[in-house]
Amino acid sequence: MSNLPIFDVAGSAMRAQSVRLSTLASNLANADSVAGSPEQVYRPLEPVFRASAHASDPALTGVQVAGIVERDTPPIQRYEPGHPLADAQGYVYAPDVDPVSQMVNLISASRSYQAGVEMMNTAKELAVATLSMGR
Amino acid sequence: MSNPISSYLGLQADALPLREQRMKLIASNLANADTPGFQARDLDFNAALAAAARTREAGGQSPLRERADHIPLPGADALARVSPPRPAWTATVSTPMPSAPPTAGRRWSTGPR
C-alpha cells in the first residue's frame with residue numbers, strides 16, 4: 001500500500017495542531033493568573049511550525065513543531081492593594097493574553113485539526129477502495 | 001503492460017499513480033496550511049504535457065497533434081517557443097504567513113514544558 005505515508009503527514013499535522021491547542025489552552029487558562037512581580041508572571045506560549053520533508057517521498061511534506069516560544073510582551077500592571085499577591089506598591093502583574101485573539105486562534109487550530117482528520121479518513125477510504133477493486 | 005489487468009484498464013492504470021501523487025501534494029499543502037513561509041505545490045498538467053510532447057518530438061517521434069483537424073493541445077502551441085524547461089510540478093499557490101518566524105529576542109524551549 002503505497003499511500004500509507006499520507007497517514008504520516010496527516011498525523012504530523014494533527015500532532016502539530018494539538019500542540020497549538022495545548023498552548024492556547026494554557027494561555028486561556030492562565031489569562032487571569034496574576035503574580036507579585038513582572039518576572040514571575042506567566043508568559044503566553046506560541047508554537048512555531050516548520051515544514052519537514054518526508055524521509056521516503058519528496059512529494060510529501062509533514063509539519064514539525066520547531067519549538068514553543070514564550071512571548072516577551074510586558075505584563076499588565078494592575079493596582080490592587082488588597083490582593084494577597086500585591087507587591088509593596090500594591091501592584092499585581094497579569095500576563096498580556098488577549099482572550100478574543102486566543103479564541104480566534106483556537107477555532108483556527110480546531111479547523112486545521114479537523115482537516116487532518118478528514119485527510120486521514122479520505123486516505124483510508126481510498127486505500128480501502130483500492131483494495132476492494134476488482135472484487 | 002504485460003499484466004492483463006493493466007492492459008484491460010489501459011490509461012486508467014497510469015492515471016492512478018498520477019492521482020496518488022497529486023493527493024500526496026495536496027495532503028502536504030493541507031498539513032502545512034499553518035506553517036509560515038511554506039510554499040504550496042500542485043501538479044501543472046499543461047507543463048507536463050508540453051514537456052512530454054517536446055521529448056517525443058526531440059526523439060524523432062511523431063508529434064502529439066498528428067492530423068490537421070486534431071484539436072490543438074493547450075500547451076502544444078507553445079511547444080516551439082517554450083525554451084526554459086519547466087518542472088512537472090510548479091508552485092501555484094502561495095500561503096500567507098500567519099505568524100512571523102522566531103526572532104533572536106524570544107526565549108526558546110524545545111521540550112515539553
Side-chain angles (χ1 to χ4, degrees), chain A residues 1-3 5-17 19-20 22-23 26 43 45-54 56-73 105 108-109 111-116 118-120 122-123 126-127 129-130 133-134, chain B residues 3-10 12-45 48 87-113:
Chain A
M1 187 53 57
S2 59
N3 56 2
I6 286 192
F7 292 113
D8 295 346
V9 170
S12 77
M14 287 162 69
R15 197 179 310 123
Q17 295 300 336
V19 169
R20 187 172 166 208
S22 307
T23 58
S26 307
R43 299 264 174 199
L45 302 174
E46 199 179 330
V48 178
F49 292 167
R50 187 168 58 196
S52 69
H54 195 268
S56 70
D57 196 334
L60 282 168
T61 311
V63 199
Q64 197 187 354
V65 180
I68 297 170
V69 170
E70 285 189 345
R71 272 194 282 168
D72 52 3
T73 49
N105 214 338
S108 169
R111 292 290 180 270
S112 298
Y113 190 93
Q114 285 171 22
E118 216 44 55
M119 220 183 328
M120 220 171 243
T122 306
L126 290 176
T130 311
M133 198 164 58
Chain B
N3 191 341
I5 292 181
S6 50
S7 65
Y8 178 70
L9 292 174
Q12 300 306 320
D14 293 336
L16 278 178
L18 173 77
R19 301 295 168 214
E20 189 199 335
Q21 185 80 355
R22 182 141 193 261
M23 195 171 77
K24 283 176 179 173
L25 290 171
I26 292 172
S28 305
N29 293 347
L30 205 51
N32 283 286
D34 296 321
T35 307
F38 177 76
Q39 195 76 29
R41 298 183 300 176
D42 202 351
L43 293 171
D44 191 342
F45 180 76
W89 56 266
T90 48
T92 53
V93 196
S94 69
T95 45
M97 290 184 68
S99 66
T103 55
R106 286 173 164 178
R107 281 191 287 155
W108 277 77
S109 63
T110 44
R113 290 172 53 83

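Chain A is the first sequence line, chain B the second, and so forth, proteins listed ahead of strands; every chain is numbered from 1. Atom set for the values below is all heavy atoms of this structure, side chains included, hydrogens, waters and symmetry mates excluded.
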* Between CZ on residue Arg111(A) and CG on residue Asp34(B), distance to nearest 0.5 Å -> 12.5 Å

* Residue part contacting chain B, namely of Ala10(A), when any heavy atom lies under 4.5 Å -> neither

* Asked: Can you name the nearest heavy-atom pair linking Met23(B) to Leu126(A), along with the distance?
  -> SD-CD1, 2.9 Å

* Quick one: which of Val63(A), Val9(A), Thr61(A) has the most heavy-atom pairs under 4.5 Å with chain B, could you say? => Thr61(A)

* Asked: For the side-chain contact (heavy atoms from CB on, under 4.5 Å) test, which of Asp57(A), Ile6(A), Leu60(A) pairs with Ser28(B)?
  -> Leu60(A)

* Portion of Gln64(A) that has a non-hydrogen atom of chain B nearer than 4.5 angstrom -> neither

* Structure fact -> One option among Ala115(A), Ser22(A), Ser112(A), Ala59(A) has the most heavy-atom pairs under 4.5 Å with chain B, and it is Ala59(A)

* Asked: Based on non-hydrogen pairs under 4.5 Å, which of His54(A), Glu118(A), Arg20(A) is most in contact with chain B?
  -> Arg20(A)

* Asked: Phe49(A) versus Asn32(B): any side-chain heavy-atom pair under 4.5 Å?
  -> no

